[in-house]
Amino acid sequence: MSNFEFNHDIDMAWCPGCGNFPLRNILIKALTELQLDPTQVVFSSGIGQAAKMPQYVDASYFNGLHGRGLAVASAISAVNPKLTVIAEGGDGDMYGEGGNHLIHNIRRNPHLVHIVHNNMVYGLTKGQASPTSPIGLVTPLQLDGVYNQPINPMALALAMGATFVARGFSGDQEKTKELIKAAILHNGYAIIDIFHPCVTYNKVNTFAWYKSHTFWLDEAHPKTNKEAAMKLALDEERLACGILYQVEGKAYPQRHPFYQGNLTPFYQRKRDPKDIAKLFNKPKAHS
Amino acid sequence: MSNFEFNHDIDMAWCPGCGNFPLRNILIKALTELQLDPTQVVFSSGIGQAAKMPQYVDASYFNGLHGRGLAVASAISAVNPKLTVIAEGGDGDMYGEGGNHLIHNIRRNPHLVHIVHNNMVYGLTKGQASPTSPIGLVTPLQLDGVYNQPINPMALALAMGATFVARGFSGDQEKTKELIKAAILHNGYAIIDIFHPCVTYNKVNTFAWYKSHTFWLDEAHPKTNKEAAMKLALDEERLACGILYQVEGKAYPQRHPFYQGNLTPFYQRKRDPKDIAKLFNKPKAHS
Amino acid sequence: MRESISIVLSGEAGQGLQTVEEFLVETLTQETYVFSSKEVMSRVRGGNNSVEIRVSNQPIQALRYTIDVLFLFNDHALERLLPRLTPQTIIYGEAPFLKSVPSQYKTKEVAFLDLGKQAGNRLYENTAMFGYIAGMIGASVENAKAIITKRFNKRGEDIVTGNLKAFDLGYDLGRQDPDRPKELKPTHFSPKKALTGNDVLSMGAVAGGVNYVAAYPMSPGTTLMTLLEEKSRDFEILVEQAEDEIAALNMVLGAWYAGARALTTTSGGGFALMTEAVSLSGITETPAVIHVAQRPGPATGLPTRTEQADLNLVLYAGHGEFPRMIFAPGRLEDGVEVMSRAFYMADKYQIPVFVLSDQYWLESMSQVDALDFNPKYLESFVVETKRDYQRYAFDKSGISPRGVPGFGLGYVKVDSDEHDEAGGITESFTMRVSMQDKRLHKFDLMKKDIMEPLISGSTKHENLVLSWGSTYGVIEEALDTHPEWDLTHLHFIQVYPLPESLKDIISKAKTIQVIENNATGQFANLIQMTYGVKVNQRILKYNGEPYHIDELITKMEATHE
Amino acid sequence: MRESISIVLSGEAGQGLQTVEEFLVETLTQETYVFSSKEVMSRVRGGNNSVEIRVSNQPIQALRYTIDVLFLFNDHALERLLPRLTPQTIIYGEAPFLKSVPSQYKTKEVAFLDLGKQAGNRLYENTAMFGYIAGMIGASVENAKAIITKRFNKRGEDIVTGNLKAFDLGYDLGRQDPDRPKELKPTHFSPKKALTGNDVLSMGAVAGGVNYVAAYPMSPGTTLMTLLEEKSRDFEILVEQAEDEIAALNMVLGAWYAGARALTTTSGGGFALMTEAVSLSGITETPAVIHVAQRPGPATGLPTRTEQADLNLVLYAGHGEFPRMIFAPGRLEDGVEVMSRAFYMADKYQIPVFVLSDQYWLESMSQVDALDFNPKYLESFVVETKRDYQRYAFDKSGISPRGVPGFGLGYVKVDSDEHDEAGGITESFTMRVSMQDKRLHKFDLMKKDIMEPLISGSTKHENLVLSWGSTYGVIEEALDTHPEWDLTHLHFIQVYPLPESLKDIISKAKTIQVIENNATGQFANLIQMTYGVKVNQRILKYNGEPYHIDELITKMEATHE
Ligand SMILES: Cc1ncc(C[n+]2csc(CCOP(=O)(O)OP(=O)(O)O)c2C)c(N)n1
Ligand SMILES: Cc1ncc(C[n+]2csc(CCOP(=O)(O)OP(=O)(O)O)c2C)c(N)n1
Ligand code: SF4
Ligand code: SF4
Ligand SMILES: [Mg+2]
Ligand SMILES: [Mg+2]
């Protein structure tokens with residue numbers, strides 16, 4: 001058994017057949033294969049079925065508010081840049097309620113992995129439309145079908161300047177696991193949107209639907225080419241899986257003037273009371 | 001004097017030389033040239049120097065909270081689709097605090113015009129970085145210069161599927177005025193990002209800077225071609241002004257099942273008390 | 001004498017507990033007093049949920065902790081209910097489900113699955129169970145069969161016949177059950193309708209003129225939105241799923257501004273995000289109707305359970321000072337009254353009005369004979385504007401007449417900054433005071449529109465029990481069964497502002513006891529603050545459950561020793 | 001006897017009022033008692049702003065409404081100040097600026113611009129004015145010149161010389177002014193340092209160990225962030241401008257969780273957006289320090305003015321029930337104490353701690369001799385985790401030891417859902433009660449760490465005046481000058497929780513008066529709620545200004561008739 005495997009006797013709160021189960025396997029495998037020390041891995045999640053993931057992996061976590069997992073994750077990685085930080089949640093959590101943190105953290109380029117379980121529906125609250133629900137999907141709140149244009153998270157991330165943009169599918173476990181590993185190894189913000197079926201509430205985007213609408217990028221895809229990536233991202237008929245785009249970039253610890261190359265975790269940084277007395281005597285800066 | 005011209009004796013709260021003055025002229029001219037009835041025009045704004053615009057135009061307005069102008073505007077146009085609705089504010093207001101409404105209203109495609117005064121700085125709160133501030137801009141909160149990747153609102157809007165995406169510049173009044181007119185005539189959500197100098201707080205992106213970094217698209221630009229538009233949007237060296245992209249699309253009133261072609265304003269729709277008694281006797285739908 | 005039986009069904013999410021509950025309650029509501037409520041886990045499938053159906057010979061709106069009859073739907077359905085068993089409890093179920101029952105309890109094997117199969121399909125097992133229970137308690141076969149038929153009609157004759165057969169098989173067995181409880185038939189009874197709190201709130205909203213709903217899903221606030229979506233075609237209601245709660249309330253304000261009657265619905269956490277916009281409603285004098293469905297916090301807390309711990313939040317949400325009104329339904333019919341009244345009051349006083357319910361009240365089924373819809377609540381206060389219209393004019397009525405853009409010749413200028421009469425930003429100190437006074441003066445005007453509390457029990461008014469919202473039924477039953485306590489019960493449906501008329505009763509009382517479903521006594525604090533008195537005793541419960549009648553009586557008895 | 005002169009400067013934003021204010025206050029603080037405060041419009045340039053500098057022979061921390069000496073910076077600088085003039089007021093300015101002065105007032109033309117030019121540059125006019133005022137009131141030339149030199153040193157010798165010359169020209173004229181006020185020199189005086197509230201809060205934050213700041217700009221909360229950015233290099237503070245206030249507090253919680261001492265700063269409207277995260281701090285027991293800088297609401301209200309109307313918001317922010325602590329500095333030195341204490345208490349009790357200031361307190365300059373930095377407040381409560389670490393263990397101390405991820409062998413599992421000791425989601429009713437009890441039990445533990453109010457005035461404790469936060473100075477001055485009122489003043493720096501020790505004084509008092517800078521008396525309500533007493537009188541002000549001493553005395557006198 002891997003370090004991350006949860007050995008407590010727990011009844012996972014997902015429905016039988018849910019795509020979250022294979023995603024959990026993938027995740028644990030990815031972490032294990034990278035031989036990460038579980039005490040140095042932290043999850044930050046919001047609320048939703050996807051956001052329950054950290055409950056079932058043995059590592060530290062901050063299971064906070066719906067939509068806010070990325071904001072919390074960004075601060076955690078700022079305060080201890082040596083941790084492996086994973087922000088994880090559902091499409092509603094991360095693209096709906098949390099949309100503003102998404103766009104502004106791409107700008108910030110924190111050193112973390114952002115995993116979004118995209119089942120194109122709100123699972124935990126019983127089947128309403130999510131920002132990725134396809135037009136026409138009938139839900140309890142959209143009795144005549146969804147009418148809003150779904151969000152295109154890949155195109156959005158590219159437009160915002162993300163340096164690692166990838167898509168996976170819980171039905172393709174081996175490949176998706178490799179995406180997670182690549183994302184963890186990437187310097188800076190890495191987003192992986194992972195398709196997975198919600199067997200209870202989404203009868204349109206089923207396992208079979210994902211199988212027939214997705215394809216995996218091969219070695220030939222020039223993943224440092226933004227135009228090519230954008231073209232793939234904007235194609236909503238044939239959904240590309242794999243790393244659409246990856247380039248080197250300066251991540252937050254290299255950008256923010258605070259660090260100056262010193263990545264010491266904050267809990268190890270101590271303030272000397274002697275320095276404080278200087279405060280009073282320091283001449284005031286004038287406005 | 002035009003109908004929209006404000007004839008009260010008022011001391012406008014902008015700094016002498018501010019780009020907001022020409023923008024006000026442009027706006028009033030655009031409204032006047034379209035011969036709109038001012039009682040059928042409504043502004044919705046947030047808080048900031050830009051967001052003070054409705055104070056100085058004679059028409060109805062809802063001057064609400066910082067960041068929320070677009071959400072309010074969207075509801076106003078839903079409830080009275082016959083109004084000309086303009087959501088107006090600054091780059092901080094609309095792309096910072098209001099970022100989530102931006103992405104989700106593009107998805108909704110409400111019938112309104114979204115004007116963003118982009119001075120690349122927070123004016124009213126005295127010069128902090130805004131989401132569009134360039135890397136390196138020194139501000140009271142970024143003493144070593146801005147380090148976050150600025151947002152690219154044009155690329156973002158395109159990635160999200162907006163059907164009208166344009167950029168203007170307060171220094172090019174005639175052309176920018178035409179953009180506003182085109183946006184008002186567009187069916188659905190139309191965003192115009194308008195560059196303008198903040199003479200007090202932004203000493204980098206000055207009038208001269210904008211002049212030398214922008215160019216206007218001519219007739220040759222294929223404005224229905226998304227790829228071409230995206231290419232222009234992603235070019236951050238030579239900033240294209242004009243309509244980058246415009247296509248026909250179904251706006252909210254054509255999309256939402258509520259309307260069924262009936263655009264009667266809500267204040268004219270009355271509920272008959274007689275219908276209400278039926279409620280009690282109607283058999284319950286079972287879950 | 002009041003008597004009751006408490007029947008509990010226990011199983012997994014998705015096993016059909018709710019179907020059996022609905023069958024039973026709909027049948028029984030035509031012939032006797034019945035109340036039901038469920039408790040569910042925060043998951044979509046699996047886990048353990050239960051439903052209690054309480055049948056009585058007298059009106060009833062409360063649960064009992066101890067169980068008379070328990071039906072198990074699987075082999076792990078008992079564990080969480082063990083503390084609620086007594087030596088008298090009888091536990092029913094398939095043989096394997098009974099294995100885990102400790103030996104001191106009475107069990108009774110019934111092969112519901114077999115009964116279903118006998119009737120043609122194993123899927124009919126729940127209908128067989130329904131039949132069994134109906135037989136046990138002597139429910140009308142005719143009513144039950146009518147309901148089964150109505151329910152399955154659309155699915156074809158075979159399914160109807162099969163289910164009826166399963167019902168009969170179950171009924172016969174139940175009828176012959178030697179341990180079946182004594183039958184409780186009221187002497188006089190007229191058939192009633194059983195509805196949930198959500199049902200009546202949705203009706204109240206329609207009766208209050210709702211035509212725009214913007215909300216973001218959050219349990220237990222979502223169901224109201226779902227029910228309004230279901231009514232949206234019949235009643236021209238635009239239902240919009242917002243991107244977040246901030247958008248939801250801002251959209252509701254935009255909608256009212258533009259001429260709609262708009263509602264949002266959420267729970268405490270979602271409402272927390274709306275508080276800035278509540279303040280916006282306050283200064284712009286834009287009406288708003290906000291349904292806050294309480295569940296236990298802090299933060300995510302217990303998402304599917306119940307509590308009354310968001311009163312403070314709703315009372316004080318929003319920065320700065322401005323008037324508001326808060327209702328908390330107690331009886332089922334209160335739901336219609338307060339929800340439709342909320343729209344009227346919001347429009348009349350141009351304020352945010354809150355309906356503060358809770359998971360327990362929303363999802364319980366209780367009975368009404370009929371519902372009153374007051375047509376007055378549809379009355380609109382919107383005026384057509386003249387050319388010189390000023391949104392914030394100092395009007396002699398005390399309230400600035402409210403126009404909407406596009407209706408009339410004027411401009412409707414609304415401002416979140418302090419403003420002058422025309423709605424323009426001002427920094428005048430005197431204008432500030434005049435505008436603030438105008439807004440706060442509505443507290444005076446509202447006095448004539450305050451709903452007085454329901455008063456029952458002793459007319460001596462010496463020892464008071466105060467309560468609010470969903471605890472009404474259980475407290476009434478406790479007092480009803482204990483007249484010797486000599487308590488006067490004041491139950492508040494309007495919880496803010498509180499009526500001045502009560503100053504006397506409250507300040508003269510010998511003792512004041514407040515009963516609430518929270519940990520700190522928020523309403524007790526409000527009473528102290530409003531009336532400058534001391535509350536002598538707080539009875540509190542905050543484990544995520546509503547009060548049970550037997551438990552409440554024990555707690556109250558302890559205070560009467 | 002206490003005497004004072006009130007000097008007011010009035011002009012446009014950008015005309016340099018603040019420079020003259022700083023010169024004057026920095027000079028005077030070395031030789032006498034001085035207090036200054038500004039009132040500005042919500043705009044970047046233009047409009048009309050003013051600064052009051054009050055000089056006294058006794059300690060002083062309050063404004064006066066009536067003006068002794070007024071300096072106009074332009075021709076439209078008088079209008080808003082007209083009500084503050086008296087027949088004794090003398091109005092100074094360039095000839096054209098005095099034209100608008102009604103004839104009944106005394107004016108005196110001074111050509112500051114010419115003086116500036118004479119000294120070499122029209123830009124020196126403000127320095128000439130500084131000289132004039134210094135001359136009038138007899139400030140030390142030596143001190144003044146040292147300050148000028150220090151200020152302009154970096155800009156080169158010419159500029160220093162020119163400014164010194166302008167100062168001299170002004171000083172000589174001022175000295176010869178026959179109408180100059182009587183000189184007020186205290187008999188004993190040691191030089192002091194003049195600082196703003198913002199200054200001391202930023203020092204307090206450093207002394208409390210702040211090393212992470214996430215905030216979104218909002219007046220008047222932004223300056224604290226700016227001052228910490230200025231200190232960020234010297235003290236290793238990571239300052240992050242968040243995308244919105246929701247992010248800000250969530251980031252602060254993430255930062256504490258990961259081992260930082262984190263702060264956010266905002267105003268009421270921004271704080272409203274943080275309320276959901278306050279609740280998250282509550283249930284996860286993650287510390288947070290939140291500075292809420294009050295300004296008048298509702299909503300945008302009067303963005304650059306002052307009020308104390310967000311006490312309720314801060315008291316009740318967040319859904320559900322959990323402990324918190326609230327401080328509101330009164331004296332300048334309180335700012336250091338409460339801000340550094342806030343970090344300590346947040347860490348010790350694992351709760352959100354609030355510093356509730358207001359625009360007036362933050363932006364006024366007052367004096368201190370020295371500041372105490374208590375090294376205890378840097379003490380960290382973080383533990384190194386063992387392999388079997390459980391974040392929410394029931395510890396005999398009553399507080400679960402807090403680890404941070406990456407420090408030790410354990411996992412730190414933190415949950416916004418109700419959880420078990422390990423931090424896993426639970427739906428157990430008994431665990432819920434135990435966890436809620438553990439959190440609420442901190443109220444008891446905190447009792448030994450409550451700051452008692454400042455008590456002054458009559459020792460009879462019969463007639464009480466209660467107040468909190470920024471009103472300290474003005475109330476003290478009123479009582480000091482009116483011992484005949486025989487009032488006992490209780491001033492609260494910690495406004496929540498309130499000390500039980502006061503139950504006696506408060507319940508035995510004959511009369512209780514509460515003075516607040518808001519429209520409804522929020523602290524008075526808190527007193528009624530906490531102590532179950534009635535407040536007899538509320539003195540309130542809510543036009544956007546702080547109290548002025550003369551006005552407060554009039555209001556209080558009216559209550560003593
Ligand atoms: C502020 C707030 N709003 C709403 C909710 C209710 N809520 C919980 S999960 C959820 C959506 C879940 O959808 P998604 O993120 O796609 O996760 P899934 O369950 O589909 O995995 C919502 C709306 C909440 N907990 N908090
Ligand atoms: C909730 C909230 N947060 C913060 C503020 C303070 N605030 C007012 S305007 C503004 C930014 C203004 O920048 P921008 O939108 O770019 O407008 P500009 O002044 O540059 O035109 C901020 C942060 C506020 N009013 N409300
Ligand atoms: S509701 Fe859907 S996403 Fe959630 S656990 Fe069930 S199948 Fe999975
Ligand atoms: S601060 Fe900048 S944007 Fe604002 S009015 Fe002044 S110049 Fe214009
Ligand atoms: Mg989902
Ligand atoms: Mg700006």
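Reminder, nothing fancy here: chain letters follow the sequence lines and each chain counts from 1.
- With hydrogens and angles ignored, the 3.5 Å screen pairs no side-chain donor or acceptor of C:Tyr411 with any backbone N or O of B:Val42.
- The two residues C:Gly406 and B:Gln40 come nearest to each other via the heavy atoms O-NE2, 3.2 Å.
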Could you walk me through whether C:Phe373 and B:Leu279 pass the side-chain contact (heavy atoms from CB on, under 4.5 Å) test, one step at a time? CA-CA 10 Å; C:Phe373 300 106; B:Leu279 273 174; 4.3 Å; yes
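- Atom NZ of C:Lys231 is separated from atom NZ of B:Lys278 by 13.5 Å, given to the nearest 0.5 angstrom.
- For chain B, the option among C:Pro375, C:Gly209, C:Gly424 with the highest count of heavy-atom pairs below 4.5 Å is C:Gly209.
- Here CZ of C:Arg391 is found 10.0 Å from CZ of B:Phe62. Values are rounded to the nearest 0.5 Å.
- Contact check for C:Pro405 versus B:Asn80: no side-chain heavy atoms found under the 4.5 Å cut-off.
- No side-chain donor-acceptor contact under 3.5 Å links B:Thr39 to the backbone of C:Gly410.
- Although no hydrogens or angles enter the test, the distance criterion places a donor-acceptor pair under 3.5 Å between the side chain of B:Tyr61 and the main chain of C:Gly423.
- Of all the listed residues (C:Ala214, C:Ser380, C:Ala262, C:Ala370), the one sharing the greatest number of non-hydrogen pairs under 4.5 Å with chain B is C:Ala370.
- Minimum heavy-atom separation, B:Ile276 to C:Val206: CD1-O, 3.9 Å.
- Heavy-atom contacts from other residues, nucleotides or ligands closer than 6.0 Å to NZ of B:Lys29 number 12 or fewer.
- Going from atom OH of B:Tyr267 over to atom CG of C:Asn211 covers 13.5 Å, rounded to the nearest 0.5 Å.
- The distance from atom CG of B:Asp275 to atom CD of C:Glu236, rounded to the nearest 0.5 Å, is 10.0 Å.
- When atom types are taken as modelled, the side chain of C:Glu276 and the backbone of B:Leu65 share no donor-acceptor pair closer than 3.5 angstrom.
- Contacts with chain B were tallied for C:Val404, C:Thr284, C:Ile425; C:Ile425 has the most, counting heavy-atom pairs under 4.5 Å.
- Per-residue heavy-atom pair counts under 4.5 Å with chain C were compared for B:Tyr259, B:Phe43, B:Phe266, and the maximum is reached by B:Phe266.
- Side-chain contact between C:Tyr257 and B:Val79 is absent, with no heavy-atom pair separated by less than 4.5 Å.
- For B:Ile47, the part lying near chain C is the side chain, with the backbone staying farther off; criterion is any non-hydrogen pair under 4.5 Å.
- Within the 4.5 angstrom heavy-atom criterion, no atom of C:Tyr377 approaches chain B.
- Around the NZ atom of C:Lys376, the shell of radius 6.0 Å holds more than 12 heavy atoms that belong to other residues, nucleotides or ligands.
- Of all the listed residues (B:Ala75, B:Gly98, B:Ala59), the one sharing the greatest number of non-hydrogen pairs under 4.5 Å with chain C is B:Ala59.
- Neither the backbone nor the side chain of B:Tyr56 has a heavy atom closer than 4.5 Å to any heavy atom of chain C.
- Within the 4.5 angstrom heavy-atom criterion, atoms from both the backbone and the side chain of B:Pro38 approach chain C.
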Checking B:Gln55 against C:Asp415 for the side-chain contact (heavy atoms from CB on, under 4.5 Å) test, could you report, in this order, the C-alpha distance in whole Å, the side-chain angles of both residues, the deciding distance, and whether it holds? CA-CA 9 Å; B:Gln55 303 282 326; C:Asp415 222 308; 2.6 Å; yes
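- Closest of all the heavy-atom pairs between C:Gly254 and B:Ile76 is O-CG1, 3.6 Å.
- Remark: C:Asp372 CG is loosely packed, at most 12 non-hydrogen atoms of other residues, nucleotides or ligands lying under 6.0 Å away.
- Within the 3.5 Å criterion, the main-chain N or O of C:Leu378 finds no donor-acceptor partner in the side chain of B:Arg271.
- Just one of B:Arg108, B:Arg68, B:Arg107 meets the salt bridge (Lys or Arg N to Asp or Glu O under 4.0 Å) condition when paired with C:Glu243; it is B:Arg108.
- Note: B:Leu83 CG to C:Phe407 CZ = 13.0 Å, rounded to the nearest 0.5 Å.
- Contact annotation for C:Ile237: both backbone and side-chain heavy atoms come within less than 4.5 Å of a heavy atom of chain B.
- Between chain B and the residues C:Val239, C:Val382, C:Leu253, the largest count of heavy-atom pairs under 4.5 Å involves C:Val239.
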Is there a side-chain contact (heavy atoms from CB on, under 4.5 Å) between C:Asp244 and B:His101 once you walk through the steps? CA-CA 9 Å; C:Asp244 56 33; B:His101 312 306; 3.7 Å; yes
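- Of the listed residues (C:Ala258, C:Gly408, C:Ser232), the one with the most heavy-atom contacts under 4.5 Å to chain B is C:Ala258.
- The line from CZ of B:Arg269 to CG of C:Leu238 is 8.5 Å long, rounded to the nearest 0.5 Å.
- Looking at C:Glu379, neither its backbone nor its side chain comes within 4.5 Å of chain B, counting heavy atoms on both sides.
- Neither the backbone nor the side chain of C:Ser202 comes within contact range of chain B, judged by heavy atoms closer than 4.5 Å.
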Trace of the side-chain contact (heavy atoms from CB on, under 4.5 Å) decision for B:Asp58 with C:Lys413: CA-CA 9 Å; B:Asp58 233 7; C:Lys413 300 186 172 189; 2.7 Å; yes
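- Nearest heavy atom pair, residue C:Met251 against residue B:Ala71, reads CG-O, 3.4 Å.
- Of the listed residues (C:Ser279, C:Ala422, C:Ala248, C:Ala260), the one with the most heavy-atom contacts under 4.5 Å to chain B is C:Ala260.
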